[in-house]
Amino acid sequence: MWNILEYAAWALSALFGVLMLADLIRIDTTYDNELLISSREGEIEATAERHEI
Amino acid sequence: MAYEPPKQSLAGQIFDVVTLLVLTIGALYIPLYLGLAGAAKVPNPIANPTWESLGQNATEQQQWAALGITDPAAANDIITARFDYSFSWSSLIVMAVLVIGYFVMVVRLSDREYREVIEERFGTKRR
Amino acid sequence: MENVTSTAAGTDRLRLLRVLGPAHVWALGVGIVLVGEYMGWNFSVGKGGMIAGLMACWVAGLLYTCVAMIDSEVTSTVAAAGGQYAQAKHIVGPLMAFNVGLFLVMAYTMLEAANAITVGFLLDTVAGMQGQTGLNQQPFIVLAIMFLAWLNYRGVLATLTFNLVITAIAFIAIIALFMSVQLGASAVPLDFSAITSDPLPYGWVGIVASLHFGLWYYLGIEGTCQAAEEVRSPARSLPYGTMAGIMTLLIAATMTWYICSGLMPWEYLGQAGTPLFDAARVTGNTSLMVLLFVGTAFATLASANGCINDASRAWFSMSRDRYLPSWFGAVHPVYRTPYRAIVFLVPIALIFALGAPLDQVVTFSILSGLLGYTFMTFNMVMFRNKWPLDKIKRGYVHPFHPLPTIVLLILCSTAYFAVFLGYGTQLSAMMCFYIVASLWFHFRRYKFVRRGDQFTMPWPKPHGY
């Protein structure tokens with residue numbers, strides 16, 4: 001029983017890995033890299049939290 | 001005039017990540033390879049152990065049994081193992097210097113960089 | 001389009017999804033830490049005896065209460081993914097920020113690896129109880145990391161809701177064990193006679209030494225602030241979730257010490273692999289055993305899950321500022337997660353989980369955490385000096401300043417000494433690592449960073465510059 005579980009675990013690991021990688025490649029080829037790395041720190045601050053007394 | 005950083009090539013990006021990885025794995029494995037890692041307990045087993053001579057009372061004997069150890073000889077090593085806390089003052093001083101020196105260095109270099117950041121962000125200081 | 005900010009230039013920007021509430025912050029903080037109650041803390045008993053274990057539990061509790069208070073104040077004001085990294089960048093300076101970012105990535109990735117190793121060990125134990133010897137643990141270690149990484153990849157709300165559920169179950173399991181033993185469910189009575197017959201087997205130095213593993217009870221609670229950019233209202237939720245978290249942990253830690261010390265001889269407890277599960281075995285009650293097995297498994301998974309979340313946020317934030325290659329600073333356009341950072345850290349975690357021994361990984365993790373707490377002390381003092389209380393509005397102001405800072409510094413120094421007693425070489429090796437990495441950053445990497453852009457908070461100019 002445990003031997004089957006071992007193979008199942010390998011298979012599932014591979015499945016999750018492939019899902020992630022496939023999605024990563026799909027996203028990277030679909031969207032422009034400039035858009036993907038466009039996130040900037042501090043945008044919450046600019047809109048919601050002003051820290052003024 | 002704001003500082004304009006150079007554009008980094010893909011190869012440069014990969015090289016930088018690899019450098020950092022090599023450093024990390026080095027720090028983790030070098031003490032292992034030098035055989036300097038870890039502080040193990042040293043067992044001092046006593047001869048002809050009984051639960052009484054190992055200092056275990058009736059309740060504790062019941063607890064050992066529940067954990068699957070009914071023979072005092074099997075618990076001998078676990079019970080008598082002790083750490084060795086002796087240390088040399090010189091290595092303590094080396095360590096203290098490393099830790100304190102590290103923080104002093106980082107804070108001083110940071111401050112130098114920080115002044116540049118503030119200057120660029122808020123403009124030159126009015127005197 | 002929701003969650004895309006249009007800038008003045010007319011270009012769209014991606015950002016992380018802001019969906020979390022205080023309960024998720026609690027789940028992230030407690031989820032990472034609670035595994036410490038299920039394994040690891042008990043080595044403090046081995047290092048100094050039963051009383052030393054309790055002292056370590058409370059002294060470390062005090063240390064972490066200081067950490068939680070200080071952290072809540074700064075992070076309720078600097079709300080950015082990367083947590084302490086962003087704090088360091090605004091308050092101390094870029095090189096410190098780089099180091100703090102590394103502390104975070106190291107501490108969490110190593111802890112994630114340790115958790116995966118524990119999952120493998122636990123399954124091996126169960127297989128052993130069913131008569132299957134020599135289980136190959138590797139597929140299960142890999143599966144745990146892969147599954148949780150995939151969950152993290154797919155979105156933060158599902159990830160932390162999952163964490164909330166399994167953390168709550170693991171916490172309830174501890175309470176259930178405590179209650180049942182109090183109500184007499186145990187076949188073997190509680191016994192604290194070692195407190196009087198063998199109070200301090202190592203003398204006073206044992207109490208100091210046990211602090212090393214006393215940290216395990218709470219290590220990682222400061223991870224709550226990594227979620228800052230994904231919380232709906234950071235100034236309120238972060239202090240609330242963090243404080244609730246530390247209270248939960250103080251309760252759980254004391255109950256854990258009480259049950260385990262009462263049900264097991266301290267010599268056994270001091271070297272046990274899974275102390276709470278062993279305590280359940282001693283009670284002889286099968287349902288308690290099953291419950292605590294589930295608790296152990298869930299606590300480990302919750303911790304690994306939170307670690308993936310936090311390590312990737314720290315890596316992502318550093319890349320966004322070009323401290324690391326900017327390629328990693330990407331946000332997934334659909335799931336709104338730092339997906340490249342998550343994927344990149346998977347093989348790193350696997351290297352540690354499959355290649356390095358557990359105690360080595362754990363010590364590296366503890367030390368990185370400890371360096372981070374030391375940073376918090378002077379960070380707090382500088383924060384109050386550069387922006388006094390009447391200068392900017394804080395979401396939460398911690399009381400008795402600078403008392404918590406001083407206490408924290410004293411306790412950190414003691415903890416360094418405690419680590420030194422057993423793992424002096426690792427401590428030196430790690431300090432060398434951070435020194436070399438700092439020099440590398442200062443002299444090579446920093447030239448790629450835009451200077452003024454690093455300061456992103458809408459604060460006035462710091463006092464004294």
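Values in this document were obtained by computation on a predicted structure and should not be read as measured data. Chain naming here is simple, since letters A, B, ... match the order of the sequence lines and numbering starts at 1 in each. The figures here come from the full heavy-atom set of this structure, side chains too, leaving out hydrogens, waters and symmetry mates.
No salt bridge links B/E119 with C/R451; every basic N to acidic carboxylate O contact stays at or beyond 4.0 Å. Salt-bridge formation is not detected for the pair B/R108/B/D111: no Lys NZ or Arg NE/NH1/NH2 atom is positioned less than 4.0 Å from an Asp or Glu carboxylate oxygen.
Aromatic rings of C/Y465 and B/Y114 (six-membered ring for Trp) have centroids within the 6.0 Å cut-off, being under it. Aromatic pair C/Y323/C/Y85: centroids less than 6.0 angstrom apart.
Contact of C/A88 with chain B is not made at all, since no heavy-atom distance falls under 4.5 Å. With a threshold of 4.5 angstrom between heavy atoms, B/A81 approaches chain C through N, CA, C or O but not through any side-chain atom. For a residue to count as touching a neighbouring chain, one of its non-hydrogen atoms must lie under 4.5 Å from one of that chain's; by this rule C/L371 touches chain B with backbone and side chain alike. When heavy atoms are compared at a cutoff of 4.5 Å, C/S413 does not approach chain B at all. Within the 4.5 angstrom heavy-atom criterion, no atom of B/S9 approaches chain C. Only the side chain of C/L324 comes within less than 4.5 Å of a heavy atom of chain B; its backbone N, CA, C and O stay farther away. Contact of C/V92 with chain B is made through backbone and side chain together, with heavy-atom distances under 4.5 Å. No part of C/L370 comes within reach of chain B, as not one of its non-hydrogen atoms sits under 4.5 angstrom from that chain. Within the 4.5 angstrom heavy-atom criterion, only side-chain atoms of C/F364, from C-beta onward, approach chain B.
Remark: C/R340 is not positioned above the aromatic ring of C/F328, lacking an NZ or CZ atom under 6.0 angstrom from the ring centre and at most 45 degrees off the axis. Remark: C/K47 qualifies as a cation-pi partner of B/F83 under the 6.0 Å distance and 45° angle criteria applied to the six-membered ring.
Top candidate by heavy-atom pairs under 4.5 Å with chain C, chosen from B/L67, B/I79, B/I118, is B/L67. In terms of non-hydrogen atom pairs under 4.5 Å with chain C, the most contact-rich of B/R112, B/Q56, B/E113 is B/E113. Listed options C/P94, C/A429, C/A272, C/P201 were ranked by heavy-atom pairs under 4.5 angstrom with chain B; first place goes to C/P94. Listed options C/W266, C/F441, C/F375 were ranked by heavy-atom pairs under 4.5 angstrom with chain B; first place goes to C/W266. With chain C as the partner, the residue from B/V17, B/V99, B/T24, B/V107 showing the most heavy-atom pairs under 4.5 Å is B/T24. Chain B forms more heavy-atom pairs under 4.5 Å with one residue of C/M382, C/K386, C/M430 than with any other, namely C/K386. The greatest number of non-hydrogen atom pairs below 4.5 Å with chain C, out of B/I14, B/D16, B/L109, is found for B/D16.
Ring geometry for B/Y85 against C/Y202 counts as tilted: the plane angle lies between 30° and 60°, on a 0 to 90° scale.
Crowding of C/F192 atom CZ: a count of heavy atoms from other residues, nucleotides or ligands under 6.0 Å exceeding 12.
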Side chain to side chain donor-acceptor pair (under 3.5 Å) assessment of C/R322 paired with B/Q13 = CA-CA 10 Å; C/R322 305 192 186 189; B/Q13 299 197 12; over 6 Å; no

